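Have a look at the structure below, then the notes.
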Amino acid sequence: MVDFPLYYQLTRLYSDYAAALDAEEWEKWPDFFVEDCVYKVLPRENHERGYPLATMAFESRGMLKDRIYGATDTIFHDPYYQRHVVGAPRVLAADGDRIESEANYAVFRTKPSQLTTVYNVGRYLDVVRRTPDGLKFESRLCIFDSELIPNSLIYPI
């Protein structure tokens with residue numbers, strides 16, 4: 001397993017990731033990943049059955065940067081805020097510079113003058129790499145429990 005200082009770094013990665021998204025610091029999002037990364041948002045049913053179909057799938061940091069450009073400069077939608085609640089990461093395996101971990105998450109969405117709603121609930125299934133710049137996601141699967149996503153998925157989960 002991992003020692004406490006490494007577990008603390010892992011916990012900081014998860015909390016800093018959520019804080020950046022909640023603060024709409026979209027330009028920071030790709031920096032949480034290694035260059036050759038995988039980021040997918042997929043329904044639990046597809047993941048459990050081994051189906052490759054994902055609601056959102058990117059395969060490099062460059063694709064993440066493109067998504068942020070698209071979400072912030074080209075897509076028009078009702079404004080809303082996101083708030084992430086992320087559980088403590090559970091280490092599934094650790095070997096050298098590689099950690100496999102998971103954590104439950106809930107994302108709440110608040111539109112101006114409306115009540116807050118539960119937007120997306122599921123678990124992250126991650127592969128994390130130790131790099132000279134700290135821990136980074138090599139792979140992040142956002143596996144959501146529901147079969148539907150209200151409206152559209154614009155911002156990262």
Side-chain angles (χ1 to χ4, degrees), residues 9-90 92 99-129 131 133-157:
Q9 290 177 39
L10 182 67
T11 301
R12 284 291 311 261
L13 177 66
Y14 278 77
S15 62
D16 290 349
Y17 177 96
L21 296 183
D22 291 346
E24 299 180 353
E25 296 171 334
W26 308 119
E27 72 285 353
K28 291 183 177 179
W29 181 56
D31 295 334
F32 287 99
F33 294 84
V34 298
E35 189 62 40
D36 293 325
C37 61
V38 172
Y39 175 85
K40 292 183 180 180
V41 179
L42 64 160
R44 179 181 186 158
E45 180 181 9
N46 285 6
H47 177 71
E48 290 179 349
R49 293 184 178 190
Y51 297 155
L53 185 62
T55 305
M56 185 181 279
F58 306 111
E59 296 181 352
S60 72
R61 190 187 297 169
M63 290 181 78
L64 301 180
K65 290 177 181 176
D66 284 348
R67 178 60 189 183
I68 291 303
Y69 174 76
T72 57
D73 291 346
T74 65
I75 298 173
F76 296 96
H77 57 87
D78 289 344
Y80 66 88
Y81 305 103
Q82 290 187 153
R83 180 74 51 206
H84 290 70
V85 177
V86 180
R90 187 169 81 105
L92 304 173
I99 302 169
E100 295 177 19
S101 58
E102 68 177 2
N104 294 328
Y105 72 83
V107 180
F108 299 89
R109 182 169 65 179
T110 305
K111 292 183 176 183
S113 303
Q114 295 185 21
L115 294 174
T116 299
T117 59
V118 177
Y119 179 59
N120 195 288
V121 174
R123 70 180 173 122
Y124 295 123
L125 185 58
D126 299 314
V127 175
V128 175
R129 284 267 177 211
T131 75
D133 298 323
L135 297 180
K136 305 269 185 188
F137 294 110
E138 178 178 298
S139 170
R140 170 155 267 199
L141 303 182
C142 309
I143 304 165
F144 56 89
D145 290 335
S146 64
E147 296 177 0
L148 301 173
I149 294 176
N151 291 329
S152 59
L153 182 61
I154 298 170
Y155 298 116
I157 297 292

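In this text the structure is predicted, and so the values were computed from the model without any measurement. Below, each value reflects all heavy atoms present in this structure, side chains not excepted, and no hydrogens, waters or symmetry copies.
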Hey, mind stepping through Tyr105 and Asn120 against side-chain hydrogen bond (donor to acceptor under 3.5 Å, both in side chains) and telling me if it holds? CA-CA 8 Å; Tyr105 72 83; Asn120 195 288; 2.7 Å; yes
Can you check side-chain hydrogen bond (donor to acceptor under 3.5 Å, both in side chains) on Ser101 and Tyr14, steps first, answer last? CA-CA 11 Å; Ser101 58; Tyr14 278 77; 2.8 Å; yes
Given side-chain contact (heavy atoms from CB on, under 4.5 Å), test Leu141 with Tyr124 step by step and report yes or no. CA-CA 6 Å; Leu141 303 182; Tyr124 295 123; over 6 Å; no
What do the steps show when you test Trp29 against Phe137 for ring-ring contact (aromatic ring centres under 6.0 Å, His included), and what is the final call? CA-CA 11 Å; Trp29 181 56; Phe137 294 110; over 10 Å; no
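Seen from the ring of Tyr17, Arg140 counts as a face-on cation partner, given the 6.0 Å and 45° thresholds.
Contact of the His47 side chain with the Leu125 side chain is registered, since non-hydrogen atoms from C-beta on lie closer than 4.5 Å. Counting only heavy atoms from C-beta outward, the side chains of Ser15 and Val86 never approach each other to under 4.5 Å. Contact of the Phe108 side chain with the Tyr119 side chain is not registered, since no non-hydrogen atoms from C-beta on lie closer than 4.5 Å. At least one side-chain heavy atom of Val41 sits less than 4.5 Å from a side-chain heavy atom of Leu153. Lys40 is not listed as a side-chain neighbour of Phe58, based on a closest heavy-atom distance of 4.5 Å or more. Here the side chains of Pro156 and Trp26 are in contact, with some heavy-atom distance below 4.5 Å. Contact annotation: the side chain of Glu138 never approaches that of Val128 to less than 4.5 Å [non-hydrogen atoms, C-beta and beyond].
Within a 6.0 Å radius of CG in Asp36, no more than 12 heavy atoms belonging to other residues, nucleotides or ligands are found. Few gaps surround CD on Glu25; more than 12 heavy atoms of other groups in view lie less than 6.0 Å from it. For Lys28, the NZ atom sits in a loose shell: 12 or fewer heavy atoms of surrounding residues, nucleotides or ligands are nearer than 6.0 Å. More than 12 heavy atoms of other residues, nucleotides or ligands sit less than 6.0 Å from atom CD of Glu48.
With values rounded to the nearest 0.5 angstrom, Asp78 atom CG is found 7.5 Å from Gln114 atom CD. The CD atom of Glu27 sits 9.0 Å away from atom OG1 of Thr72, with the distance rounded to the nearest 0.5 Å. Here Thr116 contributes atom OG1 and Gln82 contributes atom CD; the two are 12.0 Å apart, rounded to the nearest 0.5 Å. Once rounded to the nearest 0.5 Å, the distance linking CZ of Arg109 with OH of Tyr80 reads 5.5 Å. Taking SG of Cys142 as the reference point, atom CZ of Arg123 lies at 11.5 Å (rounded to 0.5 Å). Atom CD of Glu59 is separated from atom OG of Ser139 by 10.5 Å, given to the nearest 0.5 angstrom.
Contact between Asp31 and Lys136 at its shortest, heavy atoms only, is O-NZ, 2.6 Å. Scanning all heavy atoms of the two residues, the minimum distance from Met63 to Ala57 falls at CE-O, 4.1 Å. For the pair Val121 and Ala106, the tightest heavy-atom approach, listed with the atom from each and the gap, is CG2-CB, 4.1 Å. Heavy-atom minimum distance, Leu53 versus Leu42: O-CB, 4.1 Å. Of all heavy-atom pairs between Leu135 and Leu13, the closest is O-CD1, 3.5 Å. Annotation for Thr74 and Gly70: closest pair OG1-O, 2.7 Å, computed over non-hydrogen atoms.
A perpendicular orientation is assigned to the rings of His77 and Tyr155, their planes being inclined by more than 60° (bins at 30° and 60°).
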